[in-house]
Peer 1: 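Following this message is one structure expressed as structure tokens.
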Amino acid sequence: MTALDADPDGTAQPVPQEAPATPVVGPMAGDPAMLGLSSFIVGSIALGLGLVGVVPVGVLGAPLAIILAATALGLLLAAIWAAAVGQSAVAAVFGIFGTFWLSYGMLVLGLDHNWFAITTAAVLATVKLFLVAWLVAIIMLTLATLRLPAAFTAVFALVDLALLLLLLAFAEASPLGVPSTGLLKTAGYVVLVFAAVGVYLFYDAAQAGTGGKRVPLGNPLVK
């Protein structure tokens, strides 16, 4: 509608108003969190179960089919979707985690098949380099997103903890290069916990996407 304003002589003149924002429609409409969170959950479960001993210790390739074909791919697609609908923070989160899982898959495949000419003596240092780099990146992400609801901060903090435990496990490796089994299993349980929090976040997104009532996600730590 057009509002009316009065000139000094009392004549009413139309005052143009800003048009309402056009809602996103078509294939890009909706919430990319439903795809991103479900992709994140399945990879986390696969990695967590591998670390706690569902597969023999040292079989690092067991979860790779899920991590590469579902988690990394799904998160990167969700990041593109989020960017397309203007959700820059969501796109950054999904993009960072998508590249994390993709780089994990590349690390394992590269070490198993000697793609990067890494000597046996340098494998342990290479894994620690990977963990340190990603621990710094995810801590950065955690601190930068404290304005998100607390449930998201909890996921990021748990990812930080899991990476720290894995780093300590490899830092305490035996002379033969075998990491600490106890720390690996502890990290696996932490991975399963943040997968569970991811399930809660997915339920919230699914409720909203199907017209239901959203669940509490906690107040942001920084307002």
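Hydrogens, waters and symmetry mates are skipped; everything else that's a heavy atom, side chains included, is used. For reference, positions follow the sequence shown, starting with 1.
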Peer 1: For residues 39-65, dump all side-chain donor-acceptor pairs below 3.5 Å to protein atoms at least two apart in sequence or in another chain.
Peer 2:
unit_1: S39; atom_1: OG; unit_2: L35; atom_2: O; d: 2.9
unit_1: S44; atom_1: OG; unit_2: F40; atom_2: O; d: 2.8

Peer 1: In this structure, would F130 and V191 fall into the same cluster of hydrophobic residues linked by side-chain contacts under 4.5 Å?
Peer 2: yes
Peer 1: To the nearest 0.5 angstrom, please state how far the CG atom of L131 sits from the CD1 atom of I138.
Peer 2: 11.5 Å
Peer 1: Show the nearest heavy-atom pair for residues M34 and A206, with the distance to one decimal.
Peer 2: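 Closest pair (atom of M34, atom of A206, distance): CE-CA, 3.8 Å.
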Peer 1: Name every donor-acceptor pair, under 3.5 Å, that has one atom in a side chain of residues 163-170 and the other anywhere in the protein, sequence neighbours excluded.
Peer 2:
none

Peer 1: Show every salt bridge (charged side-chain N to carboxylate O under 4.0 Å, His left out) that has at least one partner inside residues 156-179, sequence neighbours left out.
Peer 2: none
Peer 1: Can you give me every donor-acceptor pair (side chain of residues 108-119, partner residue at least two apart or in another chain, under 3.5 Å) with its distance?
Peer 2:
unit_1: T119; atom_1: OG1; unit_2: A122; atom_2: N; d: 3.4

Peer 1: Would you mind listing every ring pair (Phe, Tyr, Trp, His ring centres under 6.0 Å) that reaches into residues 202-223, with sequence neighbours excluded?
Peer 2: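 Those involving residues 202-223 do not exist here.
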Peer 1: Only counting residues at least two apart or in another chain, list the ones meeting side-chain contact (heavy atoms from CB on, under 4.5 Å) with P220.
Peer 2: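 P220 satisfies side-chain contact (heavy atoms from CB on, under 4.5 Å) with no other residue.
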Peer 1: Identify all side-chain donor-acceptor contacts of residues 88-102 below 3.5 Å with residues at least two apart in sequence or on another chain.
Peer 2:
unit_1: T99; atom_1: OG1; unit_2: G95; atom_2: O; d: 3.0
unit_1: T99; atom_1: OG1; unit_2: I96; atom_2: O; d: 2.9

Peer 1: Which donor-acceptor pairs under 3.5 Å do side chains of residues 173-181 form with protein atoms, sequence neighbours excluded?
Peer 2:
unit_1: S174; atom_1: OG; unit_2: L176; atom_2: N; d: 3.3
unit_1: S174; atom_1: OG; unit_2: V178; atom_2: N; d: 3.2
unit_1: S180; atom_1: OG; unit_2: L183; atom_2: N; d: 3.4

Peer 1: Ignoring hydrogens, what is the shortest heavy-atom contact between F194 and A162? Give both atom names and the distance.
Peer 2: CE2-CB, 4.0 Å
Peer 1: To the nearest 0.5 angstrom, please state how far the OG1 atom of T153 sits from the CG atom of N219.
Peer 2: 11.0 Å
Peer 1: Is there a continuous path of hydrophobic side-chain contacts, each under 4.5 Å between heavy atoms, that joins L161 to V159?
Peer 2: yes
Peer 1: How would you list all residue pairs meeting salt bridge (charged side-chain N to carboxylate O under 4.0 Å, His left out) that involve residues 212-223, not counting sequence neighbours?
Peer 2: D204-R214
Peer 1: Heavy-atom count check: over 12 atoms from other residues, nucleotides or ligands less than 6.0 Å from M106 CE?
Peer 2: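 Atom CE in M106 is not crowded, with 12 or fewer foreign heavy atoms closer than 6.0 Å.
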Peer 1: Of L75, T71, L76, L77, which is the lone residue that meets side chain to side chain contact (heavy atoms under 4.5 Å, CB included) with L73?
Peer 2: L77
Peer 1: So, taking the atom named CG in L158 and the one named CG in L192, what distance separates them when rounded to the nearest 0.5 Å?
Peer 2: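 Going from the CG atom of L158 to the CG atom of L192 covers 11.5 Å.
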Peer 1: Check for me, please, whether V123 and L107 land in the same ILVMFWY cluster - side-chain distances under 4.5 Å, paths through other members count.
Peer 2: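 V123 and L107: one cluster.
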Peer 1: Show every side-chain hydrogen bond (donor to acceptor under 3.5 Å, both in side chains) that has at least one partner inside residues 120-138, sequence neighbours left out.
Peer 2: S103-W134
Peer 1: V155, M140: one ILVMFWY side-chain cluster at the under-4.5 Å cut-off?
Peer 2: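 No, V155 does not connect to M140 through the hydrophobic network.
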Peer 1: Apply the side chain to side chain contact (heavy atoms under 4.5 Å, CB included) test between V222 and each candidate in L146, T145, L143; give the one that qualifies.
Peer 2: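 Looking at L146, T145, L143, the match for V222 under the side chain to side chain contact (heavy atoms under 4.5 Å, CB included) is L146.
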